[in-house]
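I have placed the structure first, in the form of structure tokens, so that the comments after it can refer back to it.
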Amino acid sequence: MHAVIAWWDLAGSPQTVESLREFLRDEAVNRYAAVPGLRLKFWISDRAAGRWGAVFLWESAESAEHAAVELPPRAAELIGGPPAVRLAFDVEATVEGVFEAAALGGRGLLWEG
């Protein structure tokens with residue numbers, strides 16, 4: 001497995017955390033739901049610091065690389081440039097804890113507000 005973390009500093013961008021939430025609702029969530037090899041993607045934000053990004057969990061580094069070629073970077077286009085930080089890691093181990101809600105889909109500030 002392979003993990004990628006990417007985030008943008010929104011200073012100087014026409015986008016805000018709130019406007020990017022619209023992008024998630026209107027486009028990004030459905031777009032990524034159909035990406036081969038993507039096990040999990042969750043978007044992250046820090047409104048106070050003006051940061052926005054995502055964490056990806058891929059089946060393999062190859063699936064992450066393939067998706068990077070096949071999916072044009074729409075967030076970068078909207079924000080006005082590539083992520084300020086992009087880190088990639090090999091995944092050493094995974095585990096799921098004990099939880100009440102089985103499905104992760106439909107969770108987060110996008111659906112809570």
Side-chain angles (χ1 to χ4, degrees):
M1 297 193 81
H2 189 71
V4 175
I5 300 170
W7 82 73
W8 284 262
D9 292 316
L10 299 177
S13 171
Q15 300 297 328
T16 64
V17 168
E18 290 78 12
S19 68
L20 289 165
R21 203 171 283 151
E22 297 286 327
F23 162 64
L24 293 179
R25 181 180 297 112
D26 297 344
E27 182 179 338
V29 170
N30 288 334
R31 182 180 190 203
Y32 278 91
V35 173
L38 181 63
R39 294 297 309 260
L40 175 68
K41 178 175 183 178
F42 56 94
W43 288 267
I44 54 177
S45 67
D46 181 342
R47 189 166 41 126
R51 285 185 283 226
W52 188 82
V55 178
F56 304 78
L57 182 61
W58 297 96
E59 289 182 328
S60 66
E62 293 77 21
S63 58
E65 290 169 16
H66 185 298
V69 171
E70 296 296 316
L71 282 173
R74 180 81 170 117
E77 177 186 327
L78 292 171
I79 293 168
V85 174
R86 185 182 182 286
L87 304 169
F89 304 91
D90 293 324
V91 174
E92 294 291 335
T94 63
V95 65
E96 291 188 36
V98 178
F99 45 85
E100 292 182 22
L104 280 173
R107 298 222 172 280
L109 294 175
L110 176 64
W111 290 280
E112 292 173 12

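Model, not experiment: these values are computed from the prediction. Throughout, residue positions are numbered sequentially from 1 according to the sequence presented.
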*Considering non-hydrogen atoms only, spot the tightest contact between A67 and W58 and give its length.*
CB-CH2, 3.3 Å
*Sub-4.5 Å side-chain heavy-atom contact between W52 and S45*: yes
Indicate every side-chain donor-acceptor pair of residues 17-25 with a distance under 3.5 Å to a residue at least two apart or in another chain.
| residue | atom | partner | partner atom | Å |
| --- | --- | --- | --- | --- |
| E18 | OE2 | R47 | NE | 3.3 |
| S19 | OG | Q15 | OE1 | 2.6 |
| S19 | OG | T16 | N | 2.8 |
| S19 | OG | T16 | O | 3.1 |
| S19 | OG | T16 | OG1 | 3.4 |
| E22 | OE2 | R25 | NH1 | 3.2 |

*So, for K41 and L38, which heavy atoms are closest and what is the spacing to 0.1 Å?*
CB-CD2, 3.9 Å
*Mind listing the closest non-hydrogen atom pair of S63 and P36 along with its distance?*
CB-O, 4.3 Å
*Do the side chains of V85 and I5 get nearer than 4.5 Å, heavy atoms only?*
no
*Look at atom CH2 of W43 and say whether more than 12 heavy atoms of other residues, nucleotides or ligands are closer to it than 6.0 Å.*
yes
*Nearest heavy-atom neighbours spanning S13 and I79*: OG-O, 2.8 Å
*To the nearest 0.5 Å, tell me how far L57 CG sits from H2 NE2.*
10.0 Å
*Going from CG on D9 to CG on D46, what distance comes out if it is rounded to the nearest 0.5 angstrom?*
10.0 Å
_Taking every non-hydrogen atom, the tightest pair across A75 and W8_ = CB-CH2, 3.9 Å
